[in-house]
**Student:** 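The structure that follows is given in the form of structure tokens.
No experiment lies behind these values; they were computed from the predicted model shown. Only heavy atoms go into these numbers, but all of them, side chains included; no hydrogens, no water, no symmetry mates. Start at 1 and go down the list; that is how both ligands and their atoms are numbered.
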Amino acid sequence: MKLEGKIAVVTGASKGIGAGIARAFGAAGATVIVNYASSQSDADAVVAQIREQGGQAVAIPADMSKAADVTRLFDKVRSEYGTLDVLVNNAGVAVFQMIEDLTEEAFHQQFNLNVLGYLLAVREAVKLFGASASIINISSILSTDPYLASSVYSATKGAVDTLTFALARELGPRGIRVNSILPGHTNTPATDGNFAGEFGDKLIAGTPLGRFGEPEDIAPLAVFLASGDSHWITGESIRASGGVRGVGY
Ligand code: NAP
């Protein structure tokens, strides 16, 4: 029960990596705010799973790319709990396009959620944090090892790693730690079907541990970074990828 008594917001927790982290946080004793955009039934299922394990959770919708929604989410956290200990910025979107197909819409969709959304959530969360807190930003190994046709998405994740370090400096004196996790190829609804065939075979061949990741492979690192066990760690970008280095395709 490493997170007993802690209040944690996990954005984009209705499915995929966010849901895995929310479940692990609940099992570790945290009260989990399960944020989602539109999939209420999926978010309710995650809340039910956490409660079945004896944990506490509530689902709150908010489009994390919209400042008014983000503020409303954290206002609800304030009125319900009065404080916050952990923020996991996870809600993200990927659009893979060759540069000839770039649109302003795809650029803003990805940067507004993957970068602006993370910053807006931190802006609101710091108003609720107590004497110590942990922010965990879900980045990607593509921040350093971009796939083909991933220039915008990879740039958003490079920005996540940079803002992680910048915020660790800014918020360290207030006892707030900020780290990012860089998942590798992870089976989630977002990647369903993308890892099939020859491309998938290449990804596995480039993964020393020889398989795709699962959300449950990422969640223990998030629990560690949220807990006091990582009290001396901030400003770090940590890979959880089965050992992938230098994708090269
Ligand atoms: P996913 O399966 O598509 O799940 C995305 C989650 O984000 C869902 O809960 C979704 O909620 C929520 N969401 C989407 N747009 C939102 C918005 N505007 N506001 C609030 N929530 C929103 O994605 P995933 O694969 O788990 O990815 C999660 C994170 O890990 C992302 O930041 C992604 O970039 C990163 N990542 C993933 C991989 C991978 O291989 N899967 C690898 C590296 C990094 P609804 O269900 O309500 O739409």
**Student:** Take every heavy atom of Gly20, measure it against each atom of ligand 1, and state whether any distance is under 4.0 Å.
**Tutor:**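 For ligand 1, residue contact (heavy atoms, under 4.0 Å) with Gly20 is absent.
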**Student:** Would you say Tyr81 has more than 12 foreign heavy atoms packed within less than 6.0 Å of its OH?
**Tutor:** yes
**Student:** May I ask whether Asp42 has any heavy atom positioned less than 4.0 angstrom from an atom of ligand 1?
**Tutor:**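 Not so, Asp42 does not reach ligand 1.
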**Student:** Asn35 heavy atoms, cut-off 4.0 Å: which ligand 1 atoms fall inside?
**Tutor:** 20 (C), 21 (N)
**Student:** Taking heavy atoms and a distance under 4.0 Å, where does Asp63 meet ligand 1: side chain, backbone, both or neither?
**Tutor:**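 Both the backbone and the side chain of Asp63 come within reach of ligand 1.
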**Student:** Counting heavy atoms only, which of His185, Lys66, Lys15 is nearest atom 4 (O) of ligand 1?
**Tutor:**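 When every heavy atom of His185, Lys66, Lys15 is considered, Lys15 comes closest to atom 4 (O) of ligand 1.
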**Student:** Which of the atoms of ligand 1 are close to Ala13, meaning less than 4.0 Å from one of its heavy atoms?
**Tutor:** 9 (O)
**Student:** Would you please classify the geometry between the His185 ring and the Phe195 ring as parallel, tilted or perpendicular, with 30° and 60° separating the classes?
**Tutor:**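 It falls in the perpendicular class, over 60°.
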**Student:** Hey, is Thr191 touching ligand 1 through its side chain, its backbone, both or neither, going by heavy atoms under 4.0 Å?
**Tutor:**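 Only the side chain of Thr191 comes within reach of ligand 1.
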**Student:** Check whether any heavy atom of Ala62 sits under 4.0 Å from an atom of ligand 1.
**Tutor:** yes
**Student:** Same cluster for Phe25 and Ile7 if Ile/Leu/Val/Met/Phe/Trp/Tyr side chains link at under 4.5 Å?
**Tutor:**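 No.
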**Student:** Run the salt-bridge test on Arg72 and Asp75 with the 4.0 Å N-O cut-off and return the result as yes or no.
**Tutor:** no
**Student:** What distance do Leu73 atom CG and Leu120 atom CG have between them, rounded to the nearest 0.5 Å?
**Tutor:**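 One gets 11.5 Å once the value is rounded to the nearest 0.5 Å.
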**Student:** Can you tell me if Arg78 has over 12 outside heavy atoms packed within less than 6.0 Å of its CZ?
**Tutor:** yes
**Student:** Hey, is Ser139 touching ligand 1 through its side chain, its backbone, both or neither, going by heavy atoms under 4.0 Å?
**Tutor:**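 Backbone only; the side chain of Ser139 stays clear of ligand 1.
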**Student:** Relative to atom 1 (P) of ligand 1, which among Gly16, Gly213, Ala190 owns the nearest non-hydrogen atom?
**Tutor:**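 Among Gly16, Gly213, Ala190, the closest heavy atom to atom 1 (P) of ligand 1 belongs to Ala190.
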**Student:** Is Thr11 close enough to touch ligand 1? Criterion: a residue heavy atom under 4.0 Å from a ligand atom.
**Tutor:**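 Heavy atoms of Thr11 never come under 4.0 Å of ligand 1.
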**Student:** How does Ala94 reach ligand 1, by side chain, by backbone, by both or by neither, if only non-hydrogen atoms under 4.0 Å count?
**Tutor:** neither
**Student:** Between Arg23 and Glu216, which heavy-atom pair has the shortest distance, and what is it?
**Tutor:**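 Residues Arg23 and Glu216, closest heavy atoms: NH2-OE2, 3.4 Å.
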**Student:** Can you list the ligand 1 atoms lying under 4.0 Å from a non-hydrogen atom of Ser39?
**Tutor:**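 Near Ser39, the atoms of ligand 1 are 45 (P), 46 (O), 47 (O), 48 (O).
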